[in-house]
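These notes are about the structure you will find just below.
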Amino acid sequence: MDPNLSCLILFNLICLVACTSENHQHNGSHHYDYCVVGGGPAGLQMGYFLSKAQRNYIILERNSGPGSFFNKYPRHRKLISINKIHTGRQNREFNLRHDWNSLLSDDPNLLFKRVSREFYPPADTFPLYLSMFVKELGLRVLYGVDIGKIRAVQSQTARRYLLTDQHGSHYFCSILLVATGLWVPQTVDFVGSDLVEGYESISTNPEDFKNQAVLILGKGNSAFETAQSILGSASRVHMLSSSPVRLAWQTHYVGDLRAVNNELIDTYQLKSLDGLVESRLEKIVIARKKDNGASRSGGKRKEKTEQLYLTLKKYVNVKNSSDVTREELPSHHIDNFPMRKPYDRVIRCLGFRFNFSIFDSSACPPNSENAKGRLPGLTAWYEATDTPGLFVLGTAGHSRDYRASAGGFVHGFRYTVRAVHRVLEQRYHTNNWPSTTLLTTQLQSWILKRVGEASGPYQMFAVLGDLILLRGSDCVYLDEFPLQALPQFSSLSGHTVPSRGLIVVLMQYGKKKIDYLGSNRAETDWTKAWKSNFLHPVLYYYETLPTKDDMKLLPEGWPLPRPKAIHHMVEDFLAEWESPISHIQPLRRFLEHCLQTDLRTFYAESCFRSSLTHHKPPPFCQQGYLKQQGVIHSSENLVYLELTCQSLTTRCQLEPPCLQDLAYDCCPNSLPKYHTHVFSLTQFLLIEIS
C-alpha cells in the first residue's frame with residue numbers, strides 16, 4: 001500500500017475518533033444528585049456545603065470563571081459592600097458581622113481581606129476572591145456551560161430535572177439549585193423607550209458627558225452611582241422614578257441608596273443644577289421635537305445635536321410616536337413644568353430581574369407577588385412554589401425578604417444558603433438540623449453568647465432566628481432557622497417541639513418611624529426595651545408552634561405571630577448585650593418565667609446551705625455543686641473573685657436590691673466584711689474540691 005495513503009487513512013481515523021469523542025463530550029448525558037446552576041457567590045457557597053457533606057454535585061457556570069457578573073457590574077467598578085478588617089476583636093464569628101464579602105467555610109484564612117483591604121473594594125477583586133475560594137476548597141465547577149433550557153421529567157418513581165446546554169449536552173439531577181443571580185436588565189415599556197440608553201451599555205468615561213444635560217430613570221444605587229460619576233462633567237443631572245429616594249440608613253435596607261453614592265442629594269438640596277423628580281414611568285414620553293422649519297445661516301441648514309424632551313402621555317396626540325410638536329410638550333400647558341428643558345441623553349438605571357426564559361412550563365417558578373414580579377415566588381425554605389426539588393439561592397431568592405432584610409446580598413444569603421443546605425440534608429439524607437443540648441442553667445449564657453457574636457441572625461434580622469426547644473432540665477438549641485417556616489419546623493428540621501414549648505431568639509429593628517439622627521433616636525432605659533428603635537435581640541415564647549394561619553395574620557410590622565410572652569433586650573450603642581442590670585437580669589427573669597424555674601447562680605456555700613435546708617435545691621446547685629463541680633483553686637481565680645465581689649459590693653452600696661436580683665448571695669453591708677466572706681468562701685471551695 002502506498003505509504004502516503006496509509007498516512008491519510010490513519011489521519012482520517014484519528015480525526016474520526018477525535019470528532020466522536022468531542023461529540024460525546026458535547027452531546028452526552030451527565031447524571032448528578034445536585035445541579036447548581038450559576039458559579040457566582042451563592043452557587044459556590046452551596047457548592048462548599050455540598051462538598052463538605054460529600055454529595056454528588058456539579059456547579060454549571062456559563063462563563064470562563066466564577067462571579068462573572070462582577071467583571072462588568074457595578075459599571076463604575078466600586079463595590080458598596082463593606083470590608084471592615086479591623087474590628088478590635090479576634091472572634092471570627094463576630095467579625096463576619098462587618099465583613100460583607102467573605103463566604104462561609106471552615107478555613108479561617110479564606111476571607112475576602114486576602115484580595116483587598118479597602119473599605120469599599122474594587123469590583124475586580126471579587127472574582128479573584130471567588131476563584132481563590134474554588135481553588136483552595138477544590139469545588140467541582142464546569143465553566144463554559146450555558147444552560148439554555150430547564151424542564152422537569154416525571155418518572156414513575158421520582159421527579160428529575162433535565163438541563164440542556166448550548167452544545168446539546170444533557171444534565172440530569174434530582175435536586176436543582178438555581179443560583180443565576182439577577183442579570184437581565186429591568187425595563188419599562190413607554191413611548192420613546194427606544195431612545196433611552198441602558199445602564200448595561202453606557203459609557204463610563206465622564207468626559208463623554210461633558211456639558212451635557214442628562215436624565216436618569218431610576219433612583220437606586222445603580223442610578224446614583226451613574227449620576228455621581230458624571231456630576232463633575234455634565235451640565236445638569238436630573239433623576240426620575242415613581243417613588244422618592246429611600247436612604248439605607250433610614251430604612252435599614254442595604255439595597256436602598258447608600259451614603260457612598262448619594263452626592264447628588266447635596267447638589268440637589270444646595271441648588272446646584274441637579275434634581276430629583278417623581279412620576280410613573282408608564283405615564284411619560286421621551287420624544288424628539290419635530291423640526292417645523294429649517295434653521296438657516298447663509299442658505300445652509302445649521303446642524304445641531306438631536307435633543308430629547310420629556311413629556312406626558314396625556315399631552316401627546318399620536319400615542320405611539322416619539323416625535324412631538326411644541327404643543328405636545330408640557331411647557332405649552334404648564335409654563336413652569338420642572339423638566340421643560342431638553343436633555344442630551346436619557347439613561348435607564350432600573351436594576352435587574354430574574355431570567356425566567358430558561359425554564360419551560362414544567363419547571364418554571366411563578367413570579368413573586370413583591371419586587372414588581374422581578375423575582376421568583378418561593379416558599380419560606382427557598383423552594384420554588386409548586387416546583388418541588390427546585391430551590392432558588394442568592395440574590396434571586398430575595399423575594400422572601402425583599403426590602404425587609406439582607407437576603408439579596410452576599411452578607412445575607414451566605415446564611416440562607418446554609419439554611420437551605422440543612423433543609424436538604426434533613427429531607428434527602430435524614431440528617432437533623434444541627435443542634436446543641438444545654439442544661440437549663442447554661443441557657444442564659446448561651447443566649448448571651450449568640451446575641452453578642454452570631455453573624456447569621458445579625459445580618460438576616462427578622463428572617464433567621466435561633467430556636468430553643470424546652471424539655472425541662474435541659475433544652476435543645478438550633479441556630480438560624482427560617483422563621484417563616486416555623487409551621488413546617490418538624491418536617492424541615494427533624495426535631496419535634498416538646499410539650500413545654502419553645503423560645504425563638506431573633507434580631508429586629510423597632511417598628512416606629514422616627515428621625516434616626518434626632519436627639520431621641522435611642523432608648524436606653526431597660527424598662528422600656530420594647531421601645532428600642534435600633535437592632536436588638538427579641539425573644540418570643542410559644543407554648544405550641546405557630547400555624548400556617550397564624551403566619552398569615554401577623555400584626556403589622558411583626559416578623560412572627562403574637563407569642564405567649566415576649567422579651568426585648570434594650571438596644572445598645574455598642575451592640576454588646578452584656579450589662580448586668582440592663583441586659584442580663586431582665587433576660588434571666590424572662591427565662592425563669594418561661595421555664596418556671598430558678599435560674600440564679602450560687603456560690604458553693606449557698607448551694608451547701610440550700611441542700612441542707614430545701615427539699616429541692618435550685619437547678620444550678622443540682623447540676624453543678626451536687627455533682628462536685630465548682631471553682632478550681634488558683635491565684636487567678638482568687639483575684640477574679642475578689643475583683644468581682646468588690647465591683648458588686650460597690651454596686652450594692654449604691655443600689656442595695658440589685659445584688660439579690662443578680663443572684664449573688666454574698667451581698668455585704670460593708671466592704672471589709674465582704675472581703676472576709678470571700679476569703680472564707682474560697683477556703684470552703686478548696687475543702688469541697690479536695
Side-chain angles (χ1 to χ4, degrees), residues 29-70 103-105 126-127 129-131 133-153 159-166 169-183 354-356 358-359 363-365 375-376 378 381-384 387-398 407-408 410 413-425 427-429:
S29 296
H30 312 273
H31 298 263
Y32 302 94
D33 293 335
Y34 296 90
C35 290
V36 182
V37 181
L44 300 183
Q45 184 67 85
M46 177 55 79
Y48 163 73
F49 290 120
L50 293 173
S51 177
K52 183 179 178 181
Q54 299 182 341
R55 303 303 174 200
N56 178 26
Y57 78 97
I58 194 66
I59 302 173
L60 305 173
E61 166 56 41
R62 62 178 181 155
N63 290 294
S64 58
S68 57
F69 177 87
F70 296 93
L103 298 181
L104 305 178
S105 76
F126 199 61
Y129 170 70
L130 296 181
S131 296
F133 191 83
V134 171
K135 180 179 180 181
E136 295 191 14
L137 294 175
L139 303 184
R140 296 197 286 270
V141 186
L142 287 181
Y143 298 109
V145 178
D146 188 0
I147 299 299
K149 186 176 182 181
I150 297 174
R151 63 188 179 95
V153 179
R159 176 188 177 97
R160 305 185 72 197
Y161 288 94
L162 171 59
L163 288 61
T164 306
D165 69 10
Q166 74 273 33
S169 295
H170 299 305
Y171 302 84
F172 289 92
C173 53
S174 302
I175 300 97
L176 176 60
L177 302 160
V178 180
T180 54
L182 306 180
W183 58 270
F354 183 68
N355 182 21
F356 290 91
I358 61 175
F359 301 89
C364 189
L375 303 172
L378 305 175
W381 51 96
Y382 298 89
E383 189 171 19
T387 313
L390 190 159
F391 294 81
V392 181
L393 311 176
T395 304
H398 192 31
V410 174
F413 65 61
R414 60 191 178 192
Y415 303 104
T416 61
V417 169
R418 180 163 64 185
V420 171
H421 179 256
R422 289 170 173 174
V423 170
L424 298 175
E425 285 293 301
R427 180 185 295 184
Y428 300 106
H429 309 285

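The structure displayed is predicted, hence computed values, not measured ones.
Shown are Leu177, Leu378, Val417; of these, the side-chain contact (heavy atoms from CB on, under 4.5 Å) with Phe391 is made only by Leu177.
The aromatic rings of Tyr32 and Tyr171 sit parallel to each other, their planes meeting at less than 30°, with 60° as the upper class boundary. Between Phe126 and Phe70, the ring-plane angle classifies as perpendicular under the 30° and 60° cut-offs.
A 4.5 Å side-chain heavy-atom check between Val37 and Tyr161 finds every atom pair outside the cut-off. Counting heavy atoms from C-beta on, the side chains of Pro41 and Arg414 never come closer than 4.5 Å.
The shortest non-hydrogen separation linking Leu182 to Phe69 is O-CE1, 3.4 Å. In this structure, Gly408 and Phe413 approach most closely via the heavy-atom pair C-CD2, 4.0 Å. Shown here for Phe133 and Ser105, the closest heavy-atom pair between the two residues is CE1-CB, 4.1 Å. Of all the heavy atoms in Ala53 and Glu425, the pair that sits closest is CB-OE2, 3.8 Å. Met46 and Leu393 get closest at one heavy-atom pair: CB-CD1, 3.7 Å. The two atoms that bring Phe354 and Leu375 nearest to each other are CB-CA, 4.4 Å, heavy atoms only.
Every pair passing side chain to side chain donor-acceptor pair (under 3.5 Å) that includes a residue from residues 42-54 is listed here, sequence neighbours excluded: Tyr48-Asp106, Lys52-Asp106.
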From CA spacing to verdict: side chain to side chain contact (heavy atoms under 4.5 Å, CB included), Ile150, Phe359: CA-CA 5 Å; Ile150 297 174; Phe359 301 89; 3.8 Å; yes
Test side chain to side chain contact (heavy atoms under 4.5 Å, CB included) applied to Leu50 and Ile59, step by step: CA-CA 10 Å; Leu50 293 173; Ile59 302 173; over 6 Å; no
List the steps, then state whether side chain to side chain contact (heavy atoms under 4.5 Å, CB included) holds for Tyr428 with Asp33. CA-CA 10 Å; Tyr428 300 106; Asp33 293 335; over 6 Å; no
Under the side chain to side chain contact (heavy atoms under 4.5 Å, CB included) criterion, do Leu176 and Thr387 qualify, and how do the steps go? CA-CA 10 Å; Leu176 176 60; Thr387 313; over 6 Å; no
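Here the straight-line distance linking atom OG1 of Thr416 with atom CH2 of Trp381 works out to 15.0 Å at 0.5 Å rounding. Once rounded to the nearest 0.5 Å, the distance linking CG of Leu142 with CD1 of Ile58 reads 4.0 Å. Expressed to the nearest 0.5 Å, how far CG of Asp165 lies from NE2 of His30 amounts to 7.5 Å. To the nearest 0.5 Å, atom OG1 of residue Thr164 and atom CG of residue Asp146 are 11.5 Å apart. Taking OG of Ser29 as the start and CG of Leu163 as the end, the distance is 11.5 Å to the nearest 0.5 Å. Atoms CZ and CG, on Phe172 and Leu162 in that order, are 4.5 Å from each other to the nearest 0.5 Å.
Using a distance-only test at 3.5 Å, with no hydrogens or angles considered, a donor-acceptor pair links the side chain of Tyr57 to the main chain of Arg140. Between the side chain of Tyr129 and the main chain of Leu103, a donor-acceptor pair closer than 3.5 Å is present. Under the 3.5 Å distance criterion, the side-chain polar atoms of Ser174 are left unmatched by any main-chain donor or acceptor of Arg160. Glu61 places no side-chain N or O within donor-acceptor distance of the main-chain N or O of Gly67, the cut-off being under 3.5 Å.
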